[in-house]
Amino acid sequence: MDLNALIETTVSGLGYELVDIEMSPRGRLVRVFIDAPGKESGVDIEDCTRVSNQLTRVFEVEGVDYERLEVSSPGLDRVVRKAEDFERFVGRDIQIKLRIPQGNRRNFQGELLGLKDGKVGLRLEKDEVELEFAHIEKARLVPRFD
């Protein structure tokens, strides 16, 4: 089992959602971002500790070579990756970067309208666009502080 699958299985087995994994080039640092969608207050330190302790045990049993493990919440500017996330965060502001430009643009920011037929709807300041889900390189929520 590869490391990503091992982490995904462990995190979901504990009842959390795996949001993202970051690894240093040689795999010495493993950063895991988790969420608790059913929990109104979001991820807290106890959640991170629980996942960290379990991953440490699993890594030891599986012989994973690493130096440091960090587990944290995804933050206010969380990564949006999965199709379900593009539905879950409808109405929120989002920043999207495309691998393949659309209309000579790669970067878009606006209100997320959802995902339908493989396209992500986005309301910009003056109009709406549909972006190919398969062409999205990176997407993050943009927090509002009003």
Side-chain angles (χ1 to χ4, degrees), residues 1-102 104-116 118-124 129-146:
M1 184 181 284
D2 74 8
L3 186 58
N4 289 342
L6 185 65
I7 293 171
E8 173 82 50
T9 302
T10 305
V11 169
S12 61
L14 291 170
Y16 298 98
E17 173 193 1
L18 178 63
V19 175
D20 198 13
I21 300 170
E22 293 178 357
M23 287 185 263
S24 63
R26 291 186 303 263
R28 306 313 302 155
L29 167 65
V30 179
R31 248 187 221 121
V32 177
F33 298 91
I34 61 168
D35 199 0
K39 193 173 170 186
E40 198 170 305
S41 62
V43 173
D44 58 27
I45 190 71
E46 286 82 19
D47 298 318
C48 294
T49 301
R50 183 174 177 221
V51 171
S52 178
N53 290 340
Q54 186 65 26
L55 283 173
T56 299
R57 288 191 287 275
V58 168
F59 287 178
E60 187 175 324
V61 168
E62 295 294 328
V64 175
D65 185 29
Y66 72 102
E67 283 179 14
R68 197 167 86 215
L69 170 66
E70 295 177 3
V71 177
S72 71
S73 76
L76 295 175
D77 63 341
R78 73 167 277 159
V79 171
V80 180
R81 263 206 184 104
K82 302 173 198 155
E84 306 86 54
D85 291 342
F86 284 91
E87 287 300 316
R88 178 176 165 198
F89 295 111
V90 166
R92 300 276 306 270
D93 287 343
I94 191 169
Q95 188 174 43
I96 297 176
K97 181 178 182 178
L98 300 176
R99 276 191 286 281
I100 300 168
Q102 180 171 315
N104 295 325
R105 277 181 78 175
R106 289 184 63 203
N107 297 302
F108 295 84
Q109 184 171 327
E111 179 186 342
L112 180 60
L113 300 176
L115 176 66
K116 186 178 179 185
K119 296 183 187 291
V120 174
L122 199 61
R123 180 175 293 124
L124 306 176
V129 295
E130 287 188 334
L131 308 172
E132 289 288 337
F133 178 70
H135 295 172
I136 294 176
E137 180 178 321
K138 214 174 6 178
R140 285 191 170 278
L141 294 181
V142 176
R144 289 185 194 155
F145 300 105
D146 31 53

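When all heavy atoms of R106 and P101 are compared, the pair lying nearest together is CG-CG, 3.7 Å. Taking every heavy atom of both residues into account, Q102 and E130 meet most closely at NE2-O, 2.9 Å. When all heavy atoms are compared, the tightest approach of R81 to V79 is CG-CG1, 3.7 Å. Heavy atoms only, all atoms of each residue included: P143 and D77 are closest at CD-CB, 4.1 Å. The two residues A134 and R99 come nearest to each other via the heavy atoms O-NH2, 2.6 Å. L131 and L98 make their closest contact through CD2-CD1, 4.1 Å (heavy atoms, listed as atom of the first residue, atom of the second, distance).
Inter-residue side-chain proximity for I7 and V30 is flagged as met; some heavy-atom pair is nearer than 4.5 Å. Between Q95 and N107 the shortest side-chain heavy-atom distance does not fall below 4.5 Å. Looking at heavy atoms from C-beta onward, L69 lies in side-chain contact with V71 at the 4.5 angstrom threshold. By the 4.5 Å heavy-atom criterion applied to side chains, I34 and V19 are not counted as neighbours. Between R28 and R68 the shortest side-chain heavy-atom distance does not fall below 4.5 Å. Side-chain contact between L76 and L141 is absent, with no heavy atoms from C-beta onward closer than 4.5 Å. Side-chain atoms of I136 and K97, non-hydrogen and from C-beta on, never get closer than 4.5 Å to each other.
Checked against salt bridge (Lys or Arg N to Asp or Glu O under 4.0 Å), E111 has the following partners two or more places apart in sequence or in another chain: R123.
Distance CG/L55 to CG/L6: 7.5 Å, rounded to 0.5 Å. Taking CD1 of I96 as the start and CZ of R140 as the end, the distance is 13.0 Å to the nearest 0.5 Å. Separating the SG atom in C48 from the CZ atom in F33 is a distance of 10.0 Å, to the nearest 0.5 Å. The CD atom of E62 lies 14.0 Å from the CZ atom of R57; values are rounded to the nearest 0.5 Å. For the atom pair L115 CG and K82 NZ, the distance stands at 14.5 Å (nearest 0.5 Å). Atom OG in S24 sits 13.0 Å away from atom OH in Y66 (nearest 0.5 Å).
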Pair F59, L3 - check side-chain contact (heavy atoms from CB on, under 4.5 Å), show working. CA-CA 9 Å; F59 287 178; L3 186 58; 3.7 Å; yes
Carefully, step by step, assess M23 and N4 under the rule side-chain contact (heavy atoms from CB on, under 4.5 Å). CA-CA 10 Å; M23 287 185 263; N4 289 342; 3.6 Å; yes
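Counting only residues at least two apart or in different chains, ring-ring contact (aromatic ring centres under 6.0 Å, His included) contacts with residues 68-95 comprise F86-F133. Pairs passing the salt bridge (charged side-chain N to carboxylate O under 4.0 Å, His left out) check and including a residue from residues 31-42, sequence neighbours excluded, read E22-R31, R31-E70, D35-R78, D35-R88, K39-D44, K39-D47.
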